[in-house]
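Report on the structure given below.
What you see is a predicted model; the values in this text were computed from it and never measured. The sequence lines fix the lettering, A, B, ..., with proteins before strands; numbering per chain opens at 1.
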Amino acid sequence: MSDDIRTIRLQKLARMRELGRDPYAVEKWKRTDTAHGLLENFEEGREVSFAGRVDSHRPSGKAGFMHLTDGEGRIQVYVRQDGVGEVDYELFRLLDIADHVGVEGELFVTKSGERSIKATHVQPLSKTLVTVPLGKEAEGKEYDKPADPDFLLRHRHIDLLTNRDSRKKLIARAKITSAVRRYFDSLGYLEVETPLLQLEAGGAAARPFHTHYNAYDIDVKLRISLELYLKRIICGEIDKVYEIGRVFRNEGVSNRHNPEFSLLEFYESYVNLDTMMERVEGCFRTVATEVFGSTEVEVALSPGDIEDEVDPQEVVKLDFSKPWRRVNLMEEIERHTGLAAADFVDLETAKAALRERQVTNPANGKRILLDNERNLGGLIEKLLEVFVEPTLQNPTFVVGYPIETSPLAKKDPNNPRMTRRFEGYILGKEVCNAFSEINDPVDQRERFEQQLGEKAKGDDEAHPMDEEFIYALECGMPPAGGCGIGIDRMAMMLAGARNIREVLLFPFMKPRPAAGAVQPVATLSE
RNA sequence: GGGCUUGUAGCUCAGCGGUAGAGCAGCGGCCUUUUAAGCCGUUGGUCGUGGGUUCAAAUCCCACCGAGCCCA
């Protein structure tokens, strides 16, 4: 059947060509206004030239209407045969929904009061060969739009055409990235690009993707973070450096995980955690102001954001004008679990204390699963996740992370079990991770060796040894602060997305099985 | 991994044991101010895939493949 439609459309295209008006032969069309601009600065009688996509098409014998959209707005065009001539009128009739068309004419108001263009000239600019499901629209209400999220994600162009909300979020996400760039550029940071193909993927705890480099016949990995290369640049006396780049983690897909995602990391020499906090605050403030127009951003909460049921319509105001709250990790854990510092001397003591006091997960009242924890640091981070994170609704920095889970952060001089590291949280979710970077090559080597020990014990996310990185430290690295921010998570939060796919134009999709199903004729050549 | 829901024409959906329907889109016709345009006519689906039960399955059962939500 779709072949029939295609055939008919091709016939219409042929007819347009017969009339000497091949849509595909046109290269440009003057647009004096956008649809929005036309409606806002409406001036009856003004001559305009406009182009857009046919959104509704209501021809009759010798006169008719169509609505055209241009991405941001929608305007009606009135075409009458004695206004455009027979050829143009036939071209108008040969249009289908979703075709692109250019019109010239003058602004006027219809009998029923709609601001419109009365065409004097109509020229098709592209012909659709399939039915494009745009749905219908009237008085702000929308009808029969495609609703299957799977379909819309596999054909994002249709989502962009039909779903204003999707469009808004994806545009916001793009603008966030560019606002972040402007912020760091304005501080004198240098933006760089570092290798995606690496012999050892380091800088984070994650499994990499593997691939093969034929020319050298070696296996290589896709990067999982930007960290180690950026710090080598710091060692080269470039004192402020950042990168926004795609990293790849060989993990499952979820509401908040895509195998490739965008990471911002920035490093600055001779500064401590306080400066890093200021940078994070400044970055969010800049993004809020530039993308959302205010240091106060309203974020729609969706069910699941907070432990208890929340009205889906509930909106929270996040204020980025002020410094974020600062808390200490162990103090928060002790406060929320009732355990004391003495309970955290080692893994077994801590497990015993939790068992003895029958500490349960406040979200569901169940015991906390501790069997998977191999070390005290892991246990502490688990407690952070269960007890503390849900309480961190307003922007908050949590300072002081355990040494086992922080192999790249300086030791805390006051507590050898802890490191100089913080994470930022908003609405209970992690938004950044920052260290005072280790610049002691001997310490760094020991940390990597500890990690190799964990790997030997079966932790396949443990950090690999990186001799070139150690060599860079041996050559001298200044004290420096470093920080990573997940751009997608940031965008989700600020744009009010509940799924990471809402802020990724083309999230990874499982391939479809060959059989059956609604595969539009459009090619899927990738 | 577990639970619930779901997969019917290009799109939105109805049908829920008797052999496939509506609206929109499409096609043909009428209409020179319509607007989810209208009127008349009309094309289009092996009802996700594979098994089973039954005289009979889109409809009941099982498995598989997708999707959505919730839980872990």
Side-chain angles (χ1 to χ4, degrees), chain A residues 1-12 54-68 74-86 88-89 92-99 105 108-119 128-155 158-159 161-163 252-255 302-305 307-310 312 361 363-369 371-372 385-386 498-499 501-502 507 509-522:
Chain A
M1 177 209 159
S2 49
D3 284 341
D4 294 343
I5 287 191
R6 177 182 297 261
T7 305
I8 291 160
R9 299 281 172 105
L10 287 170
Q11 284 164 358
K12 289 183 180 176
V54 177
D55 187 49
S56 80
H57 186 226
R58 305 185 294 280
S60 74
K62 290 184 175 146
F65 292 86
M66 61 183 166
H67 276 92
L68 301 183
R74 186 167 185 268
I75 187 152
Q76 179 172 256
V77 181
Y78 177 45
V79 187
R80 41 190 289 165
Q81 193 175 81
D82 57 16
V84 298
E86 280 184 27
D88 282 33
Y89 196 73
F92 165 62
R93 296 196 59 142
L94 286 168
L95 291 173
D96 284 290
I97 283 175
D99 287 356
F108 83 115
V109 181
T110 64
K111 261 184 192 166
S112 51
E114 179 162 348
R115 297 171 167 192
S116 310
I117 300 171
K118 187 184 286 178
T128 52
L129 300 184
V130 295
T131 305
V132 183
L134 295 184
K136 290 208 169 197
E137 177 177 331
E139 290 163 13
K141 283 188 186 169
E142 289 159 328
Y143 306 84
D144 298 343
K145 290 195 313 181
D148 178 3
D150 186 64
F151 173 82
L152 291 168
L153 286 172
R154 286 177 197 279
H155 309 293
I158 292 177
D159 188 35
L161 287 174
T162 56
N163 195 332
V253 170
S254 84
N255 279 3
S302 21
D305 270 355
E307 300 308 321
D308 306 308
E309 308 84 53
V310 181
N361 185 334
N364 55 23
K366 289 184 188 162
R367 288 291 190 80
I368 296 151
L369 276 180
D371 303 341
N372 294 330
E385 182 190 321
V386 173
R498 62 179 310 178
N499 194 310
R501 298 186 306 190
E502 294 172 46
M509 300 294 284
K510 224 192 214 177
R512 284 218 135 180
V518 207
Q519 283 280 18
V521 194

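A distance of about 23 Å separates the C1' atoms of U46(B) and U42(B), rounded to the whole Å. Taking the P atom of each, A14(B) and A9(B) are spaced 12 Å apart, rounded to whole Å. A20(B) and G2(B) have their P atoms separated by 38 Å, given to the nearest Å. Rounded to whole Å, the separation between the P atoms of C4(B) and C11(B) comes to 29 Å. For G21(B) and A58(B), the C1' atoms lie 12 Å apart once the distance is rounded to whole Å. On the C1' atoms, G28(B) is 10 Å away from U43(B), given to the nearest whole Å. Spacing between A37(B) and G26(B) at atom P, rounded to whole Å, works out to 11 Å. The same atom, C1', is picked in U19(B) and in C55(B); the two are 12 Å apart, to the nearest Å.
Taking 4.0 angstrom as the limit, R80(A) places none of its side-chain polar atoms (N or O) nearer than this to OP1 or OP2 of U32(B). The side chain of K510(A) contributes an N or O atom lying less than 4.0 Å from OP1 or OP2 of G66(B). Proximity of R498(A) to the phosphate of C70(B): a side-chain N or O atom is located under 4.0 Å from OP1 or OP2. Within the 4.0 Å cut-off from OP1 or OP2 of A37(B), at least one side-chain nitrogen or oxygen of K136(A) is found. Between K12(A) and C27(B), a side-chain N or O to OP1/OP2 separation shorter than 4.0 Å is present. Within the 4.0 Å cut-off from OP1 or OP2 of G29(B), not a single side-chain nitrogen or oxygen of R93(A) is found.
Across all strands, Q81(A) comes closer than 4.0 Å to no nucleic acid atom at all (heavy-atom distances). R115(A) comes within contact range of no nucleotide atom at all, as no heavy-atom separation falls under 4.0 Å.
The number of heavy atoms from other shown groups lying within 6.0 Å of CD (E86(A)) does not exceed 12.
Remark: the backbone N or O of A63(A) is paired with a side-chain donor or acceptor of Y89(A) at under 3.5 angstrom.
In this structure, of U34(B), C31(B), A67(B), it is A67(B) that holds the atom nearest to the side chain of D148(A). Taking every side-chain heavy atom of I97(A) into account, A25(B) is the closest of A25(B), A36(B), U33(B).
Looking at R93(A) and Q81(A), their side chains never bring a donor and an acceptor atom within 3.5 Å of each other.
For U34(B), its base sits under 3.5 Å from the side chain of Q76(A) at one donor and acceptor pair at least.
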